[in-house]
Amino acid sequence: MSEKIVAGFGEVMIRLAPAGKLRFSQVLPGELEATFGGGEANVCASIAMMGGKSRYLTALPDNVLARSFAVQQRGFGTDVEKIRYAKCGRMGIYFAEQGAAQRGSNVVYDREYSTISMLGPEEYDFDSMLEGVFHLHVTGITPALSENAYLSTLAIVKKASEMGIRISCDLNFRKKLWKWGGVPAKELACKCMKEIVAFADVIIGNEADAQDVFGIASEGSSVEDGKINIRGYGEVARKLCAAFPKASYVAITLRESISADHNNWGGMLYDKANDAEHFAPLAADGTYQPYEIRDIVDRIGGGDSFSAGLIFALTSDEFCAPADAIRYAVAASCLKHSIHGDYNYASKDEVVSLMKGNASGRVQR
């Protein structure tokens with residue numbers, strides 16, 4: 001078990017969803033399942049459940065809903081003692097409708113006036129929040145909420161950099177959120193994320209994020225058609241490292257979406273020091289061969305489970321080599337597709353088992 005603390009800063013929400021793959025119009029008025037979820041919180045929960053040490057940093061209203069979230073995270077093993085509770089704002093909400101077959105999933109956000117979107121950087125004690133932290137993880141989701149949330153995210157990565165803390169940033173472009181700057185979403189995201197990613201040692205994204213945020217594309221890929229040019233992402237990574245020289249690694253998830261229930265899943269980790277691309281998973285002959293995931297239970301949180309697996313691996317002694325780290329990250333996130341909700345409840349032993357090729361899904365007795 002790693003003793004290195006991984007902290008995540010960002011917004012957590014209440015997730016409301018119909019049972020199974022029912023549509024909103026089928027169940028409303030009626031019952032929705034309430035759980036918690038949010039990119040950075042998902043990462044912290046996953047790291048804790050794999051046996052790592054995590055700390056979740058956020059701002060929440062001082063009420064029973066927020067305290068219930070903290071109790072749940074504490075149960076996973078996440079340190080929640082540095083959460084900033086305030087007398088203003090509320091918990092954000094998102095509504096999740098699971099897709100099926102050729103019908104994609106749908107997310108509806110209700111996050112305006114959430115506490116973290118209202119507090120500026122002067123409202124936090126970042127020195128205390130980052131005390132003892134080895135690695136800080138942020139995403140492009142929280143800065144998209146408001147100018148205050150952007151400034152707070154920028155401030156915490158600056159402070160972490162000053163303290164010598166390793167930083168990862170998942171680009172996580174959400175076009176539905178970048179609305180506060182009075183300019184088109186992609187233009188605002190590019191402007192803000194350039195400032196934040198400049199401090200990142202590890203840049204993470206999906207197959208479309210670099211193009212959406214920075215206009216850096218893999219030639220020959222069409223995300224909309226579910227077709228991606230795997231080898232083109234090495235050049236994407238090199239261009240990101242040239243634009244952001246502090247970065248040592250660039251990790252990209254590689255999703256081919258055949259339908260909402262059937263995805264091919266893998267990833268690439270670019271190691272700048274050795275100018276090396278590492279892909280996973282690999283076939284017996286060493287060529288890239290993605291996991292073929294059918295009958296997906298829930299793909300929301302798949303990218304966060306990849307980030308958690310990567311950070312956990314890079315922070316460990318056992319899986320810190322780049323080739324091993326990407327294998328671990330992809331296996332962890334593959335398992336997440338079988339788990340309902342935002343959090344990845346896969347254990348380290350389950351991830352390692354899949355890494356070793358045990359993909360049969362047989363009952364463990």
Side-chain angles (χ1 to χ4, degrees), residues 1-2 6 39 42-52 54 76 135 137 168 170 202 204-207 228 230 233 237 249-258 261-271 276-364:
M1 176 176 174
S2 172
V6 176
N42 298 345
V43 168
C44 288
S46 180
I47 287 173
M49 284 187 275
M50 288 188 290
S54 66
F76 296 144
H135 184 115
H137 180 68
S168 59
D170 189 334
V202 184
I204 304 169
N206 67 22
E207 62 284 340
I228 55 177
I230 303 300
Y233 286 96
Y249 294 108
V250 175
I252 299 175
T253 58
L254 303 172
R255 184 190 297 276
E256 297 171 274
S257 185
I258 291 90
D261 301 295
H262 179 192
N263 289 183
N264 291 336
W265 180 258
M268 183 208 72
L269 179 63
Y270 174 70
D271 172 12
E277 305 164 15
H278 300 276
F279 289 85
L282 301 178
D285 63 1
T287 60
Y288 174 70
Q289 182 177 303
Y291 290 116
E292 189 173 342
I293 310 175
R294 296 179 181 268
D295 303 315
I296 292 172
V297 173
D298 193 342
R299 61 167 280 180
I300 296 175
D304 302 324
S305 62
F306 174 86
S307 293
L310 181 69
I311 295 166
F312 178 84
L314 291 174
T315 306
S316 73
D317 296 327
E318 190 175 358
F319 306 110
C320 59
D324 293 331
I326 189 62
R327 289 176 60 223
Y328 189 96
V330 171
S333 50
C334 176
L335 291 173
K336 166 61 190 76
H337 289 71
S338 70
I339 298 169
H340 178 66
D342 268 55
Y343 299 146
N344 185 13
Y345 288 85
S347 68
K348 174 186 171 182
D349 288 345
E350 289 172 321
V351 175
V352 172
S353 178
L354 180 56
M355 284 175 64
K356 293 179 177 179
N358 184 4
S360 66
R362 289 175 60 85
V363 176
Q364 304 299 308

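Every value quoted in this text rests on a predicted model; they were computed, and no experiment measured them. Heavy-atom basis, side chains included; hydrogens, waters and symmetry copies ignored.
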Might you point out which heavy atoms bring [X] and [Y] nearest each other, and give the distance in Å?
X	Y	answer
Ile204	Ser168	CD1-CB, 4.4 Å
Ala332	Gly309	CB-CA, 4.4 Å
Lys336	Gly341	NZ-O, 2.8 Å
Asn206	Ile252	O-CG2, 3.7 Å
Ala237	Met268	CB-CE, 3.8 Å
Val43	Ser307	CG2-CB, 4.0 Å

Under 4.5 Å between any side-chain heavy atoms of [X] and [Y], yes or no?
X	Y	answer
Asn264	Tyr291	no
Pro281	Tyr288	yes
Phe312	Val351	no
Ile339	Val297	no
Met49	Asn344	no
Cys334	Ile293	yes
Asp271	Leu269	no

To the nearest 0.5 Å, how far apart are [atom1] in [X] and [atom2] in [Y]?
X	Y	atom1	atom2	result
Phe306	Leu254	CZ	CG	8.0 Å
Tyr345	Ser46	OH	OG	10.5 Å
Ile311	Met50	CD1	CE	9.0 Å

(Q) Main chain of Ala313, side chain of Ser316: is a donor-acceptor contact present, judged purely on distance under 3.5 Å? (A)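 Yes, because the side chain of Ser316 sits within donor-acceptor range (under 3.5 Å) of the backbone of Ala313.
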Note to self: Would you say Asp349 and Ser347 are linked by a side-chain donor-acceptor pair, where the criterion is simply a distance under 3.5 Å?
What the structure shows: no
### Task
Using salt bridge (charged side-chain N to carboxylate O under 4.0 Å, His left out) as the criterion, list what pairs up with Asp298, not counting sequence neighbours.
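Listed in chain order: Arg15.
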Scan the side chains in residues 317-329 for donor-acceptor partners under 3.5 Å anywhere in the protein, sequence neighbours excluded, and list what turns up.
{"residue": "Glu318", "atom": "OE1", "partner": "Lys348", "partner atom": "NZ", "Å": "3.0"}
{"residue": "Arg327", "atom": "NH2", "partner": "Met355", "partner atom": "O", "Å": "3.1"}

Taken in chain and number order and not counting sequence neighbours, the residues that satisfy ring pair (Phe, Tyr, Trp, His ring centres under 6.0 Å) with His337 are Trp265
